[in-house]
Amino acid sequence: MIEFDGDALALAPRLIGMTLLVDGVGGLIVETEAYLRGDPASHSFPGPTPRNAAMFGPPFHAYVYRSYGLHWCFNVVAQDQGAVLIRALAPLAGLERMAARRGGTTGLCTGPGRLTQALAITGALDGAPLDRPPFDWREREGTPDIVNGPRIGITKAMDEPWRFGLRGSPFLSRRFA
DNA sequence: CTAGGGATTGTCT
DNA sequence: GACAATCCCTAGG
């Protein structure tokens with residue numbers, strides 16, 4: 001995948017502009033959020049549980065959890081018992097399969113829950129290594145223009161500007177201020 | 001044991 | 001703009 005040795009806060013912007021494919025379906029990462037060790041908003045904050053076990057495992061593995069009882073959210077585990085939530089992709093490959101899974105063509109990968117549905121990521125992939133199939137990564141080309149701001153949908157540490165995005169992308173789940 | 005809430009989204013108004 | 005859907009963890013009795 002990539003050579004990297006930083007924590008979740010460093011990994012989050014590093015993933016912007018990279019291409020993620022799952023079984024050949026995916027696109028360019030345009031939005032991420034960092035959840036650090038010691039971060040009250042991170043699922044790893046209270047300590048290990050069955051749900052968050054992957055965050056305490058080896059880095060560059062998947063942490064997949066269910067959100068609000070019905071959506072899946074996909075994270076890349078970092079070196080610090082933190083993780084990076086992948087919130088949005090610019091769809092590039094397998095658009096027909098995405099649309100079939102999503103039941104339409106609107107907002108295919110715009111939002112963490114939509115993205116997992118389009119790529120068929122479920123709890124079955126929780127803890128799976130990201131450097132082998134079905135996962136495939138491509139390094140970014142050039143230097144992306146990255147913006148950052150507060151994270152979305154949380155109730156703790158709300159002021160930390162740990163959401164990152166590709167400036168001007170139409171595929172962001174929300175605009176940056 | 002029960003009650004409450006969350007890193008969300010689709011649908012209806 | 002409001003609300004339902006509905007799993008897993010946490011807090012408290």
Side-chain angles (χ1 to χ4, degrees), chain A residues 7-16 18 20 22 25 27 29-57 59-91 97-128 130 146-166 169-177:
Chain A
D7 63 9
L9 187 54
L11 179 61
R14 177 68 182 79
L15 293 179
I16 298 291
M18 287 192 69
L20 165 66
V22 180
V25 177
I29 297 174
V30 299
E31 185 179 346
T32 62
E33 281 179 358
Y35 289 88
L36 285 64
R37 176 167 66 186
D39 170 9
S42 171
H43 287 175
S44 63
F45 185 71
T49 68
R51 180 175 71 149
N52 67 19
M55 289 185 79
F56 294 87
F60 300 119
H61 283 228
Y63 167 46
V64 183
Y65 71 93
R66 207 187 273 282
S67 173
Y68 290 89
L70 56 156
H71 305 291
W72 296 104
C73 288
F74 173 67
N75 299 253
V76 176
V77 176
Q79 305 274 11
D80 61 335
Q81 296 184 342
V84 176
L85 172 68
I86 309 299
R87 289 190 55 90
L89 305 179
R97 292 169 72 187
M98 290 185 189
R101 291 162 176 165
R102 291 265 312 136
T105 57
T106 57
L108 283 180
C109 296
T110 296
R114 293 170 167 181
L115 177 159
T116 54
Q117 187 180 18
L119 303 201
I121 294 173
T122 71
L125 290 173
D126 186 37
L130 297 177
I146 298 175
V147 291
N148 69 292
R151 294 174 290 183
I152 292 176
I154 57 174
T155 58
K156 300 166 188 169
M158 299 170 62
D159 295 332
E160 303 291 359
W162 294 340
R163 171 180 178 240
F164 299 86
L166 184 63
S169 171
F171 300 101
L172 296 173
S173 65
R174 290 198 204 175
R175 299 294 173 79
F176 285 82

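By convention in this document, chain letters (A, B, ...) are assigned in the order of the sequence lines, proteins followed by strands, and residues within each chain are numbered from 1.
- Looking at the side chain of Thr49(A), the nearest of the listed nucleotides dC9(C), dG10(B), dA7(B) is dC9(C).
- Summarising the geometry, the separation between CG on Asn52(A) and C1' on dC9(C) is reported as 9 Å, rounded to the nearest angstrom.
- Considering only heavy atoms from C-beta on, Thr32(A) stays 4.5 Å or farther from Val76(A) through its side chain.
- In this structure, NE2 of His43(A) is placed 5 Å from P of dA7(B), rounded to the nearest angstrom.
- Toward the 5' end of DNA chain B, the nearer of the two residues Ile154(A) and Gly107(A), judged by each one's closest nucleotide, is Ile154(A).
- For the pair Arg163(A) and Glu31(A), the salt-bridge criterion is met [side-chain N within less than 4.0 Å of a carboxylate O].
- Among the protein residues, Arg163(A) comes within range of no part of the nucleic acid, since none of its heavy atoms lies under 4.0 Å from any strand.
- Donor-acceptor pairing under 3.5 Å is recorded for the side chains of Gln117(A) and Arg102(A).
- Nearest nucleotide to the side chain of Leu70(A), out of dA5(C), dT8(B), dG6(B): dA5(C).
- In this structure, CD1 of Ile121(A) is placed 16 Å from P of dT8(B), rounded to the nearest angstrom.
- Among dC9(C), dT10(C), dT8(B), the nucleotide with an atom closest to any side-chain atom of Pro46(A) is dT10(C).
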* Decide yes or no on side chain to side chain contact (heavy atoms under 4.5 Å, CB included) for Tyr63(A) and His43(A), but give the supporting numbers first. => CA-CA 10 Å; Tyr63(A) 167 46; His43(A) 287 175; 2.8 Å; yes
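- More than 12 heavy atoms of other residues, nucleotides or ligands lie within 6.0 Å of CZ in Arg101(A), so this atom counts as buried by the packing criterion.
- With dT8(B), dC9(C), dC7(C) as the candidates, the nucleotide lying closest to the side chain of Arg66(A) is dC7(C).
- Ile121(A) pairs with exactly one of Val22(A), Ile86(A), Asp126(A) by the side-chain contact (heavy atoms from CB on, under 4.5 Å) rule, that one being Val22(A).
- With rounding to whole Å, Leu115(A) atom CG is found 13 Å from dT8(B) atom P.
- A straight line from CG of Asp126(A) to P of dC7(C) spans 17 Å, rounded to a whole angstrom.
- Rounded to a whole angstrom, the distance from the P atom of dA7(B) to that of dA11(C) is 14 Å.
- Nucleotide dA7(B) forms a pair with no other nucleotide shown, judged by Watson-Crick or G-U wobble geometry with both contacts under 3.5 Å.
- One finds no side-chain N or O of Arg102(A) lying less than 4.0 angstrom from the OP1 or OP2 phosphate oxygen of dT9(B).
- Side chain of Pro112(A), nearest nucleotide from dT9(B), dA7(B), dC9(C): dT9(B).
- Atoms CZ (Arg51(A)) and P (dG5(B)) sit 16 Å apart, rounded to a whole Å.
- Judged by ring centres under 5.5 Å apart and planes tilted less than 30 degrees, Tyr65(A) fails to stack against the six-membered base ring of dA7(B).
- When the P atom of dA7(B) is taken as reference, atom CZ of Arg87(A) falls 11 Å away, rounded to whole Å.
- Not one side-chain nitrogen or oxygen of Ser67(A) sits closer than 4.0 Å to the OP1 or OP2 atom of dA7(B).
- For the pair Asn75(A) CG and dT8(B) C1', the interatomic distance rounds to 14 Å; values are reported in whole Å.
- When each of Thr155(A) and Gly111(A) is assigned the nucleotide of DNA chain B with its nearest heavy atom, Thr155(A) is the one assigned upstream, toward the 5' end.
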